[in-house]
A.B. asks: 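Dumping the structure here so I can ask a few things about it.
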Amino acid sequence: LAICEREKKSIAQIMFAMRFVVQWIASERAGRSVVPTAFWVFSIGGGFMLLGYALYRKDPVFIIGQAFGVFVYLRNLQFVMRSGGQGAAA
């Protein structure tokens, strides 16, 4: 099944946006601001997909921005995993 570049970008943007939905639902349930592990998972997934698109476009500013973001998301997930896999209060 061939997926055009526009569809790939749309899928990446949807995945990236889902992190805010996940964070909002978790915060509503907790009655306080929290950042669940799924937030970082969606951030990494969407970030890598958008980085792939940036590489395809050969856009250095887009590439640097997405690469830095993915680094930060991975680092935050590493902190979460070290603390026992629980999301943190924000």
Side-chain angles (χ1 to χ4, degrees):
L1 178 69
I3 299 176
C4 74
E5 291 307 312
R6 184 176 175 184
E7 289 169 334
K8 287 179 186 176
K9 182 181 176 190
S10 296
I11 292 167
Q13 291 285 21
I14 289 167
M15 186 169 186
F16 203 63
M18 281 301 299
R19 66 196 186 133
F20 294 112
V21 174
V22 167
Q23 193 272 330
W24 174 47
I25 291 169
S27 293
E28 289 292 335
R29 288 183 178 166
R32 61 187 172 81
S33 181
V34 296
V35 181
T37 302
F39 178 89
W40 301 114
V41 172
F42 277 111
S43 296
I44 292 165
F48 269 125
M49 293 173 86
L50 289 171
L51 178 58
Y53 181 68
L55 291 167
Y56 170 79
R57 297 228 3 221
K58 299 177 183 169
D59 181 334
V61 174
F62 193 10
I63 291 167
I64 291 167
Q66 289 303 315
F68 180 72
V70 168
F71 169 77
V72 171
Y73 309 144
L74 287 168
R75 185 71 174 136
N76 277 290
L77 186 59
Q78 183 181 32
F79 288 135
V80 171
M81 294 295 113
R82 281 186 191 167
S83 69
Q86 297 299 316

A.B. asks: How long is the span from the OG1 atom in Thr37 to the CG atom in Leu77, to the nearest 0.5 Å?
C.D. replies: 7.0 Å
A.B. asks: Ignoring hydrogens, what is the shortest heavy-atom contact between Ala38 and Val22? Give both atom names and the distance.
C.D. replies: CB-CG1, 3.6 Å
A.B. asks: How far apart are the closest heavy atoms of Phe42 and Met15, and which atoms are they?
C.D. replies: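 For Phe42 and Met15, the tightest heavy-atom pair comes out as CD2-O, 3.5 Å.
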A.B. asks: List in chain and number order the residues that pass side chain to side chain contact (heavy atoms under 4.5 Å, CB included) with Ala17, two or more places apart in sequence or in another chain; answer none if no residue qualifies.
C.D. replies: none
A.B. asks: List the atom pairs, with distances to 0.1 Å, where a side-chain N or O of residues 66-75 and a protein N or O form a donor-acceptor pair under 3.5 Å, not counting sequence neighbours.
C.D. replies:
from, atom 1, to, atom 2, distance (Å)
Arg75, NH1, Gln78, OE1, 2.4

A.B. asks: Please evaluate residues Val35 and Trp40 with respect to the criterion side chain to side chain contact (heavy atoms under 4.5 Å, CB included), reporting the C-alpha separation (whole Å), side-chain torsions for both, the decisive distance (0.1 Å), and the verdict.
C.D. replies: CA-CA 8 Å; Val35 181; Trp40 301 114; 3.4 Å; yes
A.B. asks: Is there a chain of hydrophobic side chains (I, L, V, M, F, W, Y, each step under 4.5 Å between heavy atoms) that links Phe16 to Ile63?
C.D. replies: yes
A.B. asks: Using the rule that two of Ile, Leu, Val, Met, Phe, Trp, Tyr join whenever any of their side-chain heavy atoms come within less than 4.5 Å, decide whether Ile25 and Met18 are in one cluster.
C.D. replies: yes
A.B. asks: Tell me which donor-acceptor pairs under 3.5 Å the side chains of residues 46-54 have, and how far apart each pair is, sequence neighbours excluded?
C.D. replies:
none

A.B. asks: Which atom pair, heavy atoms only, marks the closest approach of Pro36 to Ala26?
C.D. replies: CG-CB, 3.7 Å
A.B. asks: Report yes or no: do Tyr56 and Ile14 belong to one cluster of Ile/Leu/Val/Met/Phe/Trp/Tyr joined by side chain heavy-atom distances under 4.5 Å?
C.D. replies: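 Unlinked, Tyr56 and Ile14 end up in two clusters.
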